[in-house]
Amino acid sequence: QLQLVESGGGLVQPGGSLRLSCTASGFTLDYYAIGWFRQAPGKEREGVLCINSGGGIKTYADSVKGRFTISRDNAKNTVYLQMNSLKPEDTAVYYCAARNLGIWCPGRVADFGSWGQGTQVTVSS
């Protein structure tokens, strides 16, 4: 069983914050790279941030620099996405995905394997 479940999405006003969680079931995240991705209405899925098995970070989206951070808690089998200073353009379904043998973060969305089902983030006044 390879399952990822996202949680923590919701409706937030511009400038607000949310913390998303990605929790694994059926496997442990210790040796995986975990990426956060998002898909806005009518747009293609884009990478946001990724954390590799050693804790290294890769930023896919320049638009989130200085606002979003990714972290992992292996004891809880969970990866987090802390989102601050949210903007309406951050509105999207947010997904997490895993890459086995995750000594580095893949360069493309297509290079990830298991995916969660997503959690909706809506930034609106």
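Just so it is clear, the structure is predicted and the values come from calculations on it, not from any experiment.
Looking at Thr91 and Val121, their side chains never come closer than 4.5 Å, going by heavy atoms from C-beta outward. The side-chain heavy atoms of Gln3 and Phe27, taken from C-beta on, include no pair separated by under 4.5 Å. The shortest distance between side-chain heavy atoms of Phe68 and Asp90 falls below 4.5 Å. When side chains are defined from C-beta on, Ile34 counts as touching Leu29, because their heavy atoms get closer than 4.5 Å. Residues Ser124 and Pro88 fail the side-chain proximity criterion, which asks for heavy atoms closer than 4.5 Å. Counting only heavy atoms from C-beta outward, the side chains of Val79 and Ile51 approach each other to under 4.5 Å. Between Asn52 and Ile103, every side-chain heavy-atom pair lies at or beyond the 4.5 Å cut-off. Contact check for Lys43 versus Arg38: no side-chain heavy atoms found under the 4.5 Å cut-off.
Follow the hydrophobic side-chain contacts under 4.5 Å out from Ile70 and you never reach Val5; the two are in separate clusters. Note on Leu20 and Ile57: same hydrophobic cluster, where clusters join Ile, Leu, Val, Met, Phe, Trp and Tyr whose side-chain heavy atoms are under 4.5 Å apart, directly or indirectly.
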Could you walk me through whether Trp36 and Cys22 pass the side chain to side chain contact (heavy atoms under 4.5 Å, CB included) check?
CA-CA 9 Å; Trp36 281 100; Cys22 173; 3.5 Å; yes
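From Lys58, atom NZ reaches atom CG of Leu49 across 11.0 Å, with rounding to the nearest 0.5 Å. To the nearest 0.5 angstrom, Met83 atom CE is 10.5 Å from Thr69 atom OG1. One distance of note links NZ of Lys87 with OG of Ser63; it measures 7.5 Å at 0.5 Å rounding.
Residues Glu6 and Gly116 share a closest heavy-atom pair of OE2-CA, 3.1 Å. Nearest heavy-atom pair, Glu46 versus Ala61, reported as atom, atom and distance to 0.1 Å: OE1-CB, 4.4 Å. The nearest pair of heavy atoms linking Ser17 to Gln82 is CB-NE2, 4.0 Å. Heavy atoms only, all atoms of each residue included: Pro14 and Ser125 are closest at CD-N, 3.7 Å.
In the model, Asn77 has no side-chain atom that pairs as donor or acceptor with a side-chain atom of Thr28 under 3.5 Å. Side-chain contact check for Arg19 and Tyr80: no donor-acceptor pair (N or O, by modelled atom type) lies under 3.5 Å. Between the side chains of Thr78 and Thr23, at least one donor N or O lies within less than 3.5 Å of an accepting N or O.
Phe112 belongs to a hydrophobic cluster whose remaining members, ordered by chain and number, are Phe37, Tyr60, Val93, Tyr95, Val109, Trp115; membership requires side-chain heavy atoms of ILVMFWY residues under 4.5 Å apart, directly or through intermediates. When hydrophobic side chains of Ile, Leu, Val, Met, Phe, Trp and Tyr are connected at separations under 4.5 Å, Leu11 ends up as a singleton with no cluster partners.
Looking only at distances, a side-chain donor or acceptor of Ser53 sits under 3.5 Å from a matching main-chain atom of Gly102.
Counting non-hydrogen atoms of neighbouring residues, nucleotides and ligands closer than 6.0 angstrom, the CD atom of Gln117 reaches no more than 12 such neighbours. Within a 6.0 Å sphere centred on CD of Glu89, heavy atoms belonging to other residues, nucleotides or ligands number more than 12.
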